[in-house]
Amino acid sequence: MYRTHTCGELTIGNANQTITLSGWLQRSRDLGGMTFIDLRDRYGITQLAFNMETNATLCTEARKLGREYVLQVTGVVKERESKNAKITTGDVEIIVTELKVLNASITPPFTIEENTDGGDELRMKYRYLDLRRNAVRKNLELRHRMAIETRNYLDKLQFLEVETPVLIKSTPEGARDFVVPSRMNEGEFYALPQSPQTFKQLLMVGGFDRYYQIVKCFRDEDLRADRQPEFTQIDCEMCFVEQEDILNTFEGLVKHLFKTVKNVDIPTLTRMTFAHAMKYYGNDKPDIRFDMQFKYLKGDGADLTAGKGFKVFDDAECVIAINAIGAATYTRKQLDELTDWVKRPQIGASGLIYARVSADGIKSSVDKFYDVDTLQHWATATTAKDGDLLLILAGSTNKTRKAMSELRLLMGTQLGLRKSDTFAAHWVVDFPMLEWDEETKRYHAMHHPFTSPKPEDIHLLNERAGEARANAYDMVINGVEVGGGSIRIHDAALQSQVFSLLGFTKEQAEYQFGFLMNAFKYGAPPHGGIAFGFDRLCSLFGGSETIRDYIAFPKNNSGRDVMIDAPSLISPEQMKELAIATVLNTK
RNA sequence: GGUCUGGUAGCUCAGUUGGUUAGAGUGCAUGCCUGUCACGCAUGAAGUCGCGGGUUCGAGUCCCGUCCGGACCGCCA
């Protein structure tokens, strides 16, 4: 028997018991006559004590042990002379009588401690060592708890977890597919699923009226801190439901997770239309932990800027202001920094106008053009009070909204309004069905090609398809899109009309999705669903920006696994067997 | 595809205007130390300054190229 207890459970109640522990040597303190060793496992740390007076042989042996040696010790639990309140086992120590080195270790490349000295890249390369650290382990424990509670909630509501295939068919819409060559079908390829979308719809046709799956999805696109080439979704689908049913069911899921995992009660989720979100936050996933909504000094029917000869505003399609409450103390230097920030190509504003509101009046960077009365109108329109700062951007509507959205988030961060332990969850609804793609000069589906239009907007599909809204919805928490879904089309005729809007010929639609349209001919029930980004949800609950912290073996920025060094070349024999050859792109 | 940013000891980083032998903390090794728990003290080893080229009397430092990270834009239905 390797152990009778774990390293996290012995207390004063176990005093005088003879026990056996196994674990890793976290750190040793050699005091000459005595040596202390911290023995670590998943559950905690227990101090081992060796004394030169009572057992010189063992103590001498203990002094030679290095970090991360795997040890098995037997000894007697004893109350400590000097206790350590920082750890749960801090009242006791083990007077070791037998010591066995189960395995030695070379010195690890970084220290395996709460505050490691290792950088990200190194820790990724030695991920199995990083996993020994408390912080990383806790994140994965959180993920486990989230998964268990998701299953608990959905199971109680009669959802069935059904697995769907991983080797499927490539589809042209959406993200790039990862493809897998088929040896048995020379020249043909499987694709890894971007999501189990069509399969879950087929499960609905198959009568599984409540399905879910915690499932890997694959998208071959460029990565970010919150994106991995393979990631996990909580994928769900329901029959005989309307949008309202889905919103209620999954609002329940999120509330359940907050309650059981974090013991937080979150209020009923508010709802916002896509149009409203874009207009007042410039963003389809607004962070509503703080207000700071857009006010239109020009555009949206208002014009508080005209006739003063300020060309920038006069030429602009819209002029948008936000009120940064209490930020009138911003110095000229800070404001210049903000200006530089919005002018970066990623933000793309051409400049930033500001106005400080104070007891002495309003001072703006456009005093030359606008008199006190006009500035006062601006302040009134934005409900700015003494001590507040107006930040104003002007230009074309879409660009200005987008830039202002980024500025709003920056100001929210700078003013401490985006605390990671505060949660504001809401729904964004009524997304447009289609999005015009300038590059390809055609519409593509904003959500996906199976999303049903709102019934009252179906008539728009023929004439003004861009205006048609979909029965699609996103759940947003703290400005992060954690989930999204839609009511699906269950009518073969409407589905083929949508395919044709998306530029598919009949033949292409048949080739790509014939199986689905066929299935719809056999009595497809009305259905809809949603999918949550499980990794993002975990990182949100854990208070971290990056989902890599919540994935046991993540990939780096360029999609490499630096630990196993993948992807990698394969042998010419493998290539031949698969009937494939590579033609490298020249730069 | 683009913008920004970084690469110096095992690790985390400093390194001024281009100027003598490239430093610190930590880790590691050795020694001392009987109540430590980030133990303490002392000594020591440890460097292809990412790589290649250029400018210069002289390059960690400046220039060009390249490789490898990171953040972001595009992209991600």
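Proteins get letters first, then strands, A, B, ... in listed order; numbering begins at 1 in each.
- Nucleotide B/rC76 forms a pair with no other nucleotide shown, judged by Watson-Crick or G-U wobble geometry with both contacts under 3.5 Å.
- Residue A/R227 places none of its side-chain N or O atoms closer than 4.0 Å to OP1 or OP2 of B/rC75.
- Figure legend: cation-pi geometry between A/K169 and A/Y511, with NZ or CZ positioned under 6.0 Å from the six-membered ring centre and within 45° of its axis.
- When both pairing distances are held under 3.5 Å, B/rA59 makes no Watson-Crick or G-U pair with any nucleotide shown.
- With a cut-off of 3.5 Å on both pairing distances, the Watson-Crick or G-U wobble partner of B/rC13 is B/rG23.
- Look at A/K86 and you'll find a side-chain N or O under 4.0 angstrom from OP1 or OP2 of B/rA38.
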Please assess A/Y281 against A/D287 for the test side chain to side chain donor-acceptor pair (under 3.5 Å), listing each intermediate value before the final yes or no.
CA-CA 8 Å; A/Y281 299 91; A/D287 186 346; over 6 Å; no
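- Regarding contacts with the backbone of B/rU36, every side-chain N or O of A/R29 stays at 4.0 angstrom or more from both OP1 and OP2.
- Pair assignment for B/rA71 gives B/rU3, based on Watson-Crick or G-U wobble hydrogen-bonding distances that are each under 3.5 Å.
- Between A/E481 and A/K285, no side-chain nitrogen of the basic residue sits less than 4.0 Å from a carboxylate oxygen of the acidic one, so the salt-bridge criterion is not met.
- A/R176 CZ: 12 or fewer foreign heavy atoms inside a 6.0 Å radius.
- Nucleotides B/rC64 and B/rU20 have their P atoms positioned 25 Å apart, rounded to a whole Å.
- Straight-line distance from the CD1 atom of A/I106 to the P atom of B/rA29: 13 Å, rounded to whole Å.
- Across B/rG25 and B/rA14, the matching C1' atoms stand 10 Å from one another, rounded to whole Å.
- Two residues, A/A445 and A/G90, neighbour RNA chain B, and the one matched to the more 5' nucleotide by heavy-atom proximity is A/G90.
- A/R80 contributes a side-chain N or O that, together with a main-chain N or O of A/V92, makes up a donor-acceptor pair within less than 3.5 Å.
- Taking side-chain N and O atoms only, A/R67 has no distance below 4.0 Å to OP1 or OP2 of B/rG10.
- The nucleotide B/rC28 finds its pairing partner in B/rG44, both defining distances of the Watson-Crick or G-U wobble pair being shorter than 3.5 Å.
- Of all heavy-atom pairs spanning A/S452 and A/M433, the tightest one is C-SD, 4.1 Å.
- A straight line from CZ of A/R80 to C1' of B/rG35 spans 10 Å, rounded to a whole angstrom.
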What does the list of N/O pairs under 3.5 Å between the protein and nucleotides 4-9 of chain B look like, with a distance for each?
none

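- Within residues 215-224 of chain A, the residues having any heavy atom under 4.0 Å from RNA chain B are, by residue number, A/R219, A/E221, A/D222, A/R224.
- In this model, the phosphate group of B/rG69 is not approached by any side-chain N or O of A/N557 to a distance below 4.0 Å at OP1 or OP2.
- Around the NZ atom of A/K125, the shell of radius 6.0 Å holds no more than 12 heavy atoms that belong to other residues, nucleotides or ligands.
- With a 6.0 Å radius and a threshold of 12 heavy atoms from other residues, nucleotides or ligands, A/K419 has its NZ atom at or below the threshold.
- Each of A/D235, A/T164, A/T232 was evaluated against A/Q213; a single residue qualifies, A/T164, per the side chain to side chain donor-acceptor pair (under 3.5 Å) test.
- Contact annotation for A/S558: backbone-only contact, meaning every heavy-atom pair under 4.0 Å involves sugar-phosphate atoms and none involves a base.
- With a cut-off of 3.5 Å on both pairing distances, B/rC33 has no Watson-Crick or G-U wobble partner at all.
- Distance check on atom P: B/rG23 versus B/rA45 gives 13 Å, rounded to whole Å.
- Residue A/N556 is in sugar-phosphate contact alone, with no base atom involved, counting any heavy-atom pair closer than 4.0 Å across all strands shown.
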Test side chain to side chain donor-acceptor pair (under 3.5 Å) applied to A/R401 and A/N398, step by step:
CA-CA 5 Å; A/R401 282 178 174 177; A/N398 286 342; 4.7 Å; no
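- Across the C1' atoms, B/rG7 and B/rG47 are found 14 Å apart, a figure rounded to whole Å.
- Among the heavy atoms of the strands lying under 4.0 Å from A/E81 is at least one base atom, whether or not backbone atoms are also near.
- Summarising the local packing, CD of A/E545 is surrounded by 12 or fewer heavy atoms from other residues, nucleotides or ligands at distances under 6.0 Å.
- Donor-acceptor pairing under 3.5 Å, judged by distance alone, is absent between the side chain of A/D117 and the base of B/rU26.
- The shortest distance between side-chain heavy atoms of A/V429 and A/L247 falls below 4.5 Å.
- Between A/A225 and A/M34, the one whose closest nucleotide on RNA chain B sits nearer the 5' end is A/M34.
- Across the P atoms, B/rG60 and B/rG18 are found 13 Å apart, a figure rounded to whole Å.
- Taking a centre distance below 5.5 Å and an interplanar angle below 30 degrees as the stacking criterion, A/F110 does not stack against the six-membered base ring of B/rC11.
- Regarding A/K125, its NZ atom lies at a distance of 15 Å from the P atom of B/rC68, rounded to whole Å.
- Among the protein residues, A/S82 comes within range of the nucleic acid bases, having at least one heavy atom under 4.0 Å from a base atom.
- B/rU43 and B/rU56: their P atoms are spaced 46 Å apart (whole Å).
- Looking at the side chain of A/E121, the nearest of the listed nucleotides B/rG69, B/rG70, B/rU26 is B/rG69.
- Using a 4.0 Å heavy-atom distance criterion, A/E93 is classed as a base contact.
- Contacts of A/R63 with the nucleic acid, taken as non-hydrogen atoms under 4.0 Å apart, include base atoms.
- Rounded to the nearest Å, the gap between the P atom of B/rC4 and that of B/rU66 is 15 Å.
- Here the separation of B/rC68 from B/rU8, taken at their C1' atoms, is 16 Å to the nearest Å.
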